[in-house]
> 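Take a look at this one; I'll ask things after.
Everything quoted here is computed from the prediction, not taken from an experiment. Index from 1, following the sequence.
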Amino acid sequence: MENWRNDPAFLSMDPRKRQKVEELFDTLNGKNINDALPVITNWNMQLKQENISFTNEENGLLSKLFLQELSPGQMKQFEFLKSFINK
């Protein structure tokens, strides 16, 4: 799904942030949720090293984009994992 690249919230992001998001989603393309989790963890560590942070609105957009890419089975896995993270 490429229409997220035209989302106004995405386009209004700082260019460095947009680049990082595009790199993440290009890397995640075709991966299942188990393979995606280490990629996302490494991406987060890289963001911290580069002192890049996202606003609440931008984080909401990233969550929305990530969830759009999940299959129904992956969505169940994600909801299960999320229940542990939110505790």
Side-chain angles (χ1 to χ4, degrees):
M1 177 180 280
E2 291 293 318
N3 61 354
W4 61 266
R5 293 179 196 259
N6 296 320
D7 188 294
F10 175 73
L11 293 173
S12 68
M13 279 185 192
D14 177 89
R16 282 183 8 171
K17 291 180 182 182
R18 282 198 316 263
Q19 179 184 1
K20 290 295 183 186
V21 172
E22 288 178 333
E23 289 171 3
L24 174 65
F25 278 88
D26 288 344
T27 304
L28 290 177
N29 189 24
K31 290 193 177 356
N32 67 39
I33 196 159
N34 293 328
D35 295 333
L37 291 175
V39 171
I40 294 169
T41 300
N42 289 333
W43 183 74
N44 276 323
M45 288 183 348
Q46 186 180 45
L47 291 176
K48 287 179 185 176
Q49 290 174 347
E50 295 180 29
N51 202 28
I52 297 173
S53 61
F54 292 89
T55 65
N56 287 340
E57 180 181 292
E58 291 167 339
N59 280 325
L61 172 66
L62 294 177
S63 295
K64 181 179 96 173
L65 298 178
F66 178 73
L67 294 175
Q68 286 176 352
E69 297 295 317
L70 297 179
S71 69
Q74 291 172 324
M75 181 64 83
K76 285 182 183 178
Q77 285 181 309
F78 175 75
E79 291 299 327
F80 177 74
L81 292 171
K82 190 170 80 170
S83 68
F84 289 104
I85 293 169
N86 290 333
K87 287 185 179 184

> When you compare the side chain of V21 with that of E58, does any pair of heavy atoms fall below 4.5 Å?
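Side chain of E58 against side chain of V21, heavy atoms only: no contact under 4.5 Å found.
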> What distance do E57 atom CD and M13 atom CE have between them, rounded to the nearest 0.5 Å?
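Reported to 0.5 Å precision, the distance equals 8.5 Å.
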> Side chain to side chain contact (heavy atoms under 4.5 Å, CB included) between L62 and N59: does it pass, once the steps are laid out?
CA-CA 5 Å; L62 294 177; N59 280 325; 4.1 Å; yes
> Check E50 with K20, please: is the shortest side-chain N to carboxylate O separation under 4.0 Å?
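Salt bridge between K20 and E50, a charged N being under 4.0 Å from a carboxylate O: yes.
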> Could you check whether any side-chain N or O of K17 sits under 3.5 Å from a backbone N or O of F10, counting only pairs where one atom can act as donor and the other as acceptor?
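No; zero donor-acceptor contacts below 3.5 Å.
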> Rounded to the nearest 0.5 Å, what separation is found between the CG atom of L47 and the CD1 atom of I40?
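It comes to 11.5 Å.
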> If you count every heavy atom of other residues, nucleotides or ligands that lies below 6.0 Å from E23 atom CD, does the total exceed 12?
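More than 12 heavy atoms, drawn from other residues, nucleotides or ligands, come within 6.0 Å of this atom.
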> Enter the distance from D35:CG to T27:OG1 here, rounded to the nearest 0.5 Å.
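OG1 of T27 is found 12.5 Å from CG of D35.
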> Cluster question for you: counting only ILVMFWY and a side-chain heavy-atom cut-off of under 4.5 Å, with indirect links fine, are F25 and L11 together?
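Linked, F25 and L11 end up in one cluster.
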> Is any side-chain heavy atom of F54 less than 4.5 Å from a side-chain heavy atom of L61?
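Of all side-chain heavy-atom pairs linking L61 with F54, none is under 4.5 Å.
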> For residues D26 and R5, report the shortest heavy-atom separation together with the two atoms involved.
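That closest heavy-atom pairing would be OD1-NH2, 2.7 Å.
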